[in-house]
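Worksheet: the structure to be examined is printed underneath.
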Amino acid sequence: MDEWQAAIEQQIAREKALTRARDDLSAERRRLPMVRIDKDYSFEGPTGTLSLADLFDGRRQLIVYHFMFAPGWKAGCDGCSWVVDAMTHPAHLNARDTSIVLISRAPLEKLQKYQARMQWQHPVWYSSMASDFNHDMGATVADPDDPTRTSERHGVSVFLRDGDDIYRTYFNGARGVEYLGSMWTYLDLTPYGRQETWEVSPAGWPQTEPYVWNRRHDEYGTEPAF
């Protein structure tokens with residue numbers, strides 16, 4: 001028991017150091033330069049054709065998961081499906097002024113059919129088939145040996161809306177998406193972060209005390225039930 005306790009304490013000390021290092025990385029992420037999006041994009045979704053600004057759904061931050069699903073595929077990427085299986089209820093992100101959506105190049109009909117098969121209720125899934133969004137975001141890339149052929153890449157992009165201006169603030173792919181899976185890890189990707197007072201953020205960033213804002217996903221706008 002003494003040997004186990006000593007090993008556990010040593011392990012936890014290392015894990016706490018990693019947590020603090022991750023907090024430092026998140027603080028640096030909140031200070032990254034941003035790129036303004038000057039191009040118009042259109043997306044097909046359950047309510048019709050929408051713009052990139054529409055995908056924010058009135059909020060200031062938008063997380064886009066680039067789900068690999070090419071127009072000719074019969075099913076969506078299995079790895080991307082793992083990511084969506086682990087996604088949290090969007091109400092918690094919404095409470096922090098953040099929306100999250102899926103975007104793929106496949107036509108909407110295919111996306112909705114696959115979504116029903118997977119029994120996903122959220123997030124909303126949009127088709128970018130009619131625009132260059134996937135290409136411009138690096139989610140669809142041309143074969144260097146044959147420009148007529150393309151391949152799909154998974155990843156996550158984050159956007160910030162300031163009035164009518166939209167900025168891309170972050171992107172990661174490959175094993176970078178293994179970090180996703182809870183509302184905390186998603187919020188850490190955004191320029192505003194978790195928006196709690198313990199975070200080292202730029203002056204003027206929205207913040208509240210921790211543990212006072214979060215609710216059950218059907219209780220936002222009300223007092224929490226205990």
Side-chain angles (χ1 to χ4, degrees), residues 21-43 45 50-57 59-70 76-77 79-84 86-88 90 93-94 96-106 111 123-144 150-162 165-195 199 201-202 205:
R22 185 179 293 117
D23 289 342
D24 291 341
L25 276 175
S26 294
E28 293 177 12
R29 188 184 293 115
R30 292 191 287 275
R31 289 165 172 80
L32 286 173
M34 306 177 187
V35 178
R36 188 168 65 183
I37 304 296
D38 293 322
K39 194 172 183 178
D40 291 329
Y41 297 105
S42 63
F43 306 90
L50 301 178
S51 67
L52 181 59
D54 294 329
L55 303 190
F56 283 77
D57 198 20
R59 301 180 182 93
R60 289 184 293 178
Q61 300 189 125
L62 173 67
I63 298 171
V64 170
Y65 183 74
H66 300 285
F67 193 114
M68 293 171 58
F69 200 153
C77 166
C80 292
S81 299
W82 279 38
V83 173
V84 178
M87 283 187 174
T88 64
L93 297 177
N94 298 165
R96 273 339 212 182
D97 214 8
T98 303
S99 294
I100 184 169
V101 300
L102 309 178
I103 294 180
S104 302
R105 279 203 308 133
L111 303 183
V124 181
W125 206 346
Y126 294 94
S127 171
S128 62
M129 190 176 182
S131 75
D132 297 327
F133 182 78
N134 267 47
H135 295 273
D136 293 347
M137 298 299 120
T140 299
V141 296
D143 185 330
T150 60
S151 60
E152 304 299 302
R153 291 182 177 177
H154 67 273
V156 59
S157 289
V158 182
F159 300 88
L160 177 69
R161 183 175 59 83
D162 182 19
D165 293 326
I166 296 175
Y167 300 86
R168 193 184 193 195
T169 67
Y170 182 73
F171 173 81
N172 205 342
R175 292 193 65 186
V177 304
E178 293 179 2
Y179 177 70
L180 307 180
S182 76
M183 69 173 180
W184 304 122
T185 55
Y186 278 110
L187 286 172
D188 284 344
L189 300 181
T190 67
Y192 291 146
R194 303 185 191 188
Q195 302 166 52
E199 291 179 298
S201 291
W205 253 216

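For reference, positions follow the sequence shown, starting with 1.
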Side chain to side chain, Leu180 and Tyr65, heavy atoms closer than 4.5 Å
yes

Pair Tyr167 + Phe159: ring centers closer than 6.0 Å:
no

In terms of ring plane angle, is the pair Phe171 and His66 parallel, tilted or perpendicular, where the classes change at 30° and 60°?
tilted

Is Trp184 atom CH2 crowded by more than 12 heavy atoms from other residues, nucleotides or ligands, each under 6.0 Å away?
yes

Ignoring hydrogens and geometry beyond distance, is a side-chain donor-acceptor pair present between Tyr41 and Asp136 at under 3.5 Å?
yes

How many angstroms lie between atom OG1 of Thr169 and atom CG of Leu189, to the nearest 0.5 angstrom?
8.5 Å

For the residue pair Trp125 and Ser104, what are the closest heavy atoms and their distance?
NE1-OG, 3.0 Å

Side chains of Tyr126 and Val64: does their closest heavy-atom pair fall under 4.5 Å?
no

Arg31/Glu28 under salt bridge (Lys or Arg N to Asp or Glu O under 4.0 Å): CA gap, chis, key distance, verdict
CA-CA 5 Å; Arg31 289 165 172 80; Glu28 293 177 12; over 6 Å; no

First locate atom CZ of Phe56, then atom CG of Leu50, and finally report the distance between them rounded to the nearest 0.5 Å.
13.0 Å

Write down the atom of Val177, the atom of Asn172, and the distance for their closest heavy-atom approach.
CG1-O, 4.3 Å

Is it true that a side-chain atom of Asp54 and a backbone atom of Ser51 form a donor plus acceptor pair closer than 3.5 Å?
yes

Of the non-hydrogen atoms in Val158 and Thr190, which two are nearest, and what is the gap between them?
CG1-CA, 3.9 Å

Look up atom OG in Ser81 and atom CZ in Phe67, then write down how far apart they are to the nearest 0.5 Å.
3.5 Å

Roughly how far, to the nearest 0.5 Å, is the CZ atom of Arg29 from the CG atom of Asp24?
11.5 Å

If you take all heavy atoms of Ser127 and Ala106, which pair is closest and at what distance?
OG-O, 2.7 Å

Under 3.5 Å donor-acceptor, Gln61 side chain and Tyr192 backbone
yes

Write down the atom of Ser42, the atom of Ser131, and the distance for their closest heavy-atom approach.
O-OG, 3.5 Å

With rounding to the nearest 0.5 angstrom, report the CD1 to CG distance, Ile63 to Leu187.
6.5 Å

Would you find a donor on one side and an acceptor on the other, under 3.5 Å apart, between the side chain of Thr98 and the backbone of Arg96?
yes

Strictly below 4.0 Å, N to O, side chains only: are Arg60 and Asp97 in salt-bridge contact?
yes

Do the side-chain N and O atoms of Ser99 and Asp57 include a donor-acceptor pair separated by under 3.5 angstrom?
no

Asp143 atom CG, over 12 foreign heavy atoms within 6.0 Å
yes

Those residues at least two apart in sequence (or on a different chain) that pass side chain to side chain contact (heavy atoms under 4.5 Å, CB included) with Arg153 are Val141

What do the steps show when you test Val84 against Leu102 for side-chain contact (heavy atoms from CB on, under 4.5 Å), and what is the final call?
CA-CA 9 Å; Val84 178; Leu102 309 178; 3.9 Å; yes

Pairwise side-chain contact, Thr150 with His135, heavy-atom cut-off 4.5 Å (strictly under):
yes

Identify the heavy atoms of Ser201 and Arg30 that sit nearest to each other, and give their distance.
OG-NE, 2.7 Å

Pro123 vs Pro90 side-chain heavy atoms within contact, under 4.5 Å
no

Distance alone, cut at 3.5 Å: any donor-acceptor contact between the side chains of Thr185 and Asp188?
no

Side chains of Ile100 and Leu62: closer than 4.5 Å at any heavy-atom pair?
no

Just by distance, do the side chain of Trp205 and the backbone of Pro191 share a donor-acceptor pair under 3.5 Å?
yes

Can you tell me how far OG of Ser128 sits from CG of Leu55, rounded to the nearest 0.5 angstrom?
10.5 Å

Is it the case that the side chains of Arg105 and Thr140 hold a donor-acceptor pair, with the cut-off being a distance below 3.5 Å and no angle test?
yes

Any side-chain heavy-atom pair of Leu52 and Ile166 under 4.5 Å
yes

Is there a side-chain contact (heavy atoms from CB on, under 4.5 Å) between Val101 and Ile103? Walk through the geometry before answering.
CA-CA 7 Å; Val101 300; Ile103 294 180; 4.1 Å; yes

Side chains of Arg168 and Met34, heavy atoms from C-beta outward: is any pair under 4.5 Å?
no

Kindly write out the residues that satisfy salt bridge (charged side-chain N to carboxylate O under 4.0 Å, His left out) with Arg22, not counting sequence neighbours, or none if the list is empty.
none

